[in-house]
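Okay, structure first, notes after.
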Amino acid sequence: MTTRITIDPNVRVRGNQTYAGFEDIEGIVPIVGAPVEVYEVESGATGNGIVAAIDDATRLVYVAVEWASLRVSSPWCVNVAAAITAANFTTRSAGGQQIVDLVYGSTASEGDHLRQDSREPATR
């Protein structure tokens, strides 16, 4: 089983490394030099990394991520990322919730719709 570590690609330390807490490790806690799979929750991106250091006192693992290896495997994420460049965002309130509508296409009636709020999953 490959060890998977959830990372935040916006956190960079020690040059081009990142770190994660022990609670972000799925599988066996790796040793220094071990290859791991890295995972970014928001985009679903996965990639490769090598454990650079482990700090038992702070319960952190430092990972040298092969940033160029990060790939988004979800077709939905790829479609959304491609659509955002030509998207129109609207916001509204309903039932005490803030709702963001993402409309892409030449007009709202012709375009596809992606809606996200806390009560329903995003749909296409």
Side-chain angles (χ1 to χ4, degrees):
M1 175 181 176
T2 301
T3 298
R4 180 184 232 193
I5 300 176
T6 301
I7 63 164
D8 179 348
N10 297 311
V11 175
R12 305 282 177 97
V13 295
R14 299 180 176 182
N16 210 19
Q17 296 178 11
T18 191
Y19 65 86
F22 284 7
E23 68 276 7
D24 297 318
I25 299 172
E26 294 178 33
I28 299 168
V29 175
I31 60 171
V32 173
V36 294
E37 177 184 51
V38 294
Y39 174 69
E40 199 276 320
V41 175
E42 292 174 4
S43 68
T46 59
N48 302 315
I50 303 284
V51 176
I54 297 174
D55 187 333
D56 289 322
T58 59
R59 300 183 51 80
L60 295 175
V61 60
Y62 292 83
V63 182
V65 177
E66 296 174 25
W67 298 105
S69 73
L70 289 177
R71 298 286 182 260
V72 177
S73 59
S74 168
W76 186 86
C77 289
V78 172
N79 291 339
V80 170
I84 285 176
T85 57
N88 296 310
F89 294 91
T90 60
T91 60
R92 59 191 166 87
S93 294
Q97 299 287 322
Q98 184 68 23
I99 299 172
V100 176
D101 290 323
L102 168 63
V103 179
Y104 61 101
S106 57
T107 67
S109 62
E110 295 174 358
D112 291 327
H113 300 268
L114 294 171
R115 176 173 290 149
Q116 177 68 53
D117 71 20
S118 63
R119 296 169 303 195
E120 62 186 64
T123 58
R124 177 163 192 243

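Here, residue 1 is the first one in the sequence, and each next residue gets the next number.
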Quick one: CG on D24 to CD1 on I7, what's the gap to the nearest 0.5 Å?
10.5 Å
V13, V32: one ILVMFWY side-chain cluster at the under-4.5 Å cut-off?
no
If hydrophobic clusters are built by linking Ile, Leu, Val, Met, Phe, Trp and Tyr wherever their side-chain heavy atoms come under 4.5 Å apart, do V65 and V11 end up in the same one?
no
side-chain contact (heavy atoms from CB on, under 4.5 Å) involving R14 - partner list, sequence neighbours excluded:
Q17, A53, Y62
Could you report the tightest heavy-atom contact between F22 and V61, atom names first, then the distance?
CE1-N, 4.2 Å
When rounded to the nearest 0.5 Å, the distance separating CD of E23 from OG1 of T6 is 9.5 Å
Does E40 reach the main-chain N or O of E42 with its side chain, forming a donor-acceptor pair under 3.5 Å?
yes
What distance separates E26 CD from T3 OG1, expressed to the nearest 0.5 Å?
10.0 Å
Lys NZ or Arg CZ of R4 over Y39 ring: under 6.0 Å, within 45°
yes
Would you say that V36 contacts I25 through its side chain, given a criterion of any heavy-atom pair below 4.5 Å between the two side chains?
no
Do the side chains of Y19 and I5 join up, straight or via other hydrophobic residues, at under 4.5 Å, putting them in one cluster?
no
Please report the closest heavy-atom contact between A52 and A64, naming both atoms and the distance.
CB-N, 4.3 Å
Donor-acceptor contact below 3.5 Å, side chain S69 vs main chain N48
yes
